[in-house]
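Notes follow once the structure below has been shown.
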There are 2 protein chains.
Amino acid sequence: MDYEDAITALADPTRRIIIDRLRGGSLPVAAIAKGMDVSRPAVSQHLRVLSDAGLLTVTPKGNRRLYAIAPDGVDGLRRYLDTLWDDALAAFARAAAEQAKENANERSD
Amino acid sequence: MDYEDAITALADPTRRIIIDRLRGGSLPVAAIAKGMDVSRPAVSQHLRVLSDAGLLTVTPKGNRRLYAIAPDGVDGLRRYLDTLWDDALAAFARAAAEQAKENANERSD
DNA sequence: ACGAATCGTAAGCAATGACTTACGGTAAGT
DNA sequence: ACTTACCGTAAGTCATTGCTTACGATTCGT
């Protein structure tokens with residue numbers, strides 16, 4: 001299972017902020033950390049977690065390191081949630097049908 | 001933001017197991033806890049977290065309480081990931097185009 | 001070649017959270 | 001009515017983890 005690391009990584013608010021900052025495209029670490037309420041090393045640690053989870057790609061560019069969102073990592077989570085969504089809807093429909101049948105029995109009592 | 005509670009709730013492995021057990025339909029607490037490697041009160045606490053996050057619905061049924069996956073809660077997370085997916089793909093496409101342009105400049109040097 | 005900039009890592013600390021045991025409260029069975 | 005079953009909550013403990021400061025390594029600029 002790979003989506004598990006992804007969902008664990010995205011559970012942290014600071015990491016979601018980092019992800020949001022990368023929505024527009026790749027950024028170096030200093031640019032990501034700028035204006036955030038945690039130190040730059042903290043951001044580095046979060047970037048490590050996000051990379052290990054497959055949510056970010058790193059491309060060394062001379063002095064700096066550019067981080068970007070990895071579409072594949074996001075897709076893993078999307079697929080997990082899609083199956084969950086399908087099962088939830090199916091179970092919901094069955095429960096609704098069951099409830100309707102019970103109501104019909106009540107009326108016939 | 002509501003999806004934040006949902007993703008935090010799903011970050012825990014035990015809670016994901018609980019969710020998986022509810023994929024087939026609603027279950028009482030004892031049935032969920034049966035065979036799991038944590039105590040029943042622990043399951044109760046997890047069910048509380050999942051409910052507060054909007055991922056589960058509770059319907060008291062006489063002596064027992066039936067828990068079921070709430071499609072709406074799952075949908076909130078799906079929408080968040082969809083926007084993330086869209087932005088990631090767009091950024092990826094821009095980066096690819098940029099890279100192609102750089103390569104063209106290199107060949108012309 | 002030397003100083004400045006960019007970044008990752010190590011060590012230590014404080015806070016969050018997941019678990020257990022113990023308990024109380026409500027509904028079902030006899 | 002009394003016992004049993006089902007379930008949530010409280011209190012306390014222990015591991016996890018997110019943060020800071022300090023440091024070392026690599027690259028850019030002059």
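Order of the sequence lines fixes the chain letters, A, B, ..., with proteins taken first and strands second; residue numbering starts at 1 for each chain. We use all heavy atoms of the structure for the numbers below, so side chains are in, but hydrogens, waters and symmetry mates are not.
What separates CD1 of A/Ile17 from P of D/dG18 is a distance of 13 Å, to the nearest Å. In this entry the distance linking CG of B/Leu10 with C1' of C/dA18 reads 16 Å, nearest Å. Residue B/Leu66 contributes atom CG, which lies 15 Å from atom P of C/dA27 at whole-angstrom precision. If you take NZ of B/Lys61 and C1' of C/dA28, they are 16 Å apart, rounded to a whole angstrom. Per the geometry, CG belonging to B/Leu50 stands 16 Å off P belonging to D/dC7, to the nearest Å. The nearest whole Å value for the distance from the CG atom in B/Leu47 to the P atom in D/dG8 is 7 Å. Atom-to-atom, CG of B/Asn63 to P of D/dC6 comes out at 7 Å; the value is rounded to the nearest Å. To the nearest angstrom, P of C/dC7 lies 13 Å from CD1 of A/Ile18.
Rounding to the nearest 0.5 angstrom, the gap separating the NE2 atom in A/His46 from the CG atom in A/Leu56 is 12.0 Å. Rounded to the nearest 0.5 Å, atoms OG1 (A/Thr57) and CZ (B/Phe92) are 7.5 Å apart. Remark: B/Leu50 CG to B/Thr14 OG1 distance equals 10.5 Å, nearest 0.5 Å.
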Derivation of the side-chain contact (heavy atoms from CB on, under 4.5 Å) call for A/Asp5 and A/Asp52: CA-CA 8 Å; A/Asp5 294 332; A/Asp52 287 348; over 6 Å; no
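Counting any heavy atom pair closer than 4.0 Å across all strands shown, B/Pro28 reaches sugar-phosphate atoms only and no base atom. Using a 4.0 Å heavy-atom distance criterion, B/Ala42 is classed as a base contact. Contact annotation for B/Arg40: base contact, defined as any heavy-atom pair under 4.0 Å involving a base atom.
Relative to the side chain of B/Arg65, the nucleotides C/dT20, C/dA5, D/dC7 differ in distance, and D/dC7 lies closest. The nucleotide whose nearest atom lies closest to any side-chain atom of A/Arg64 is, among C/dT20, C/dG8, C/dC7, C/dC7. Considering only the side chain of B/Gln45, C/dC19 comes nearest among D/dG18, D/dC7, C/dC19. In this structure, the nucleotide among D/dT20, C/dC19, C/dC7 sitting nearest to the side chain of A/Ser44 is C/dC7. Residue A/Ser39 has its side chain nearest to D/dT21 when only D/dT27, C/dT20, D/dT21 are considered.
Between the side chain of B/Arg16 and the backbone N or O of B/Ala11, at least one donor-acceptor pair lies under 3.5 Å.
Taking for each of B/Gly62 and A/Tyr67 the nucleotide of DNA chain C with the nearest heavy atom, the 5'-most of the two is the partner of A/Tyr67.
A close approach under 4.0 Å does occur between a side-chain nitrogen or oxygen of A/Thr14 and OP1 or OP2 of D/dC19.
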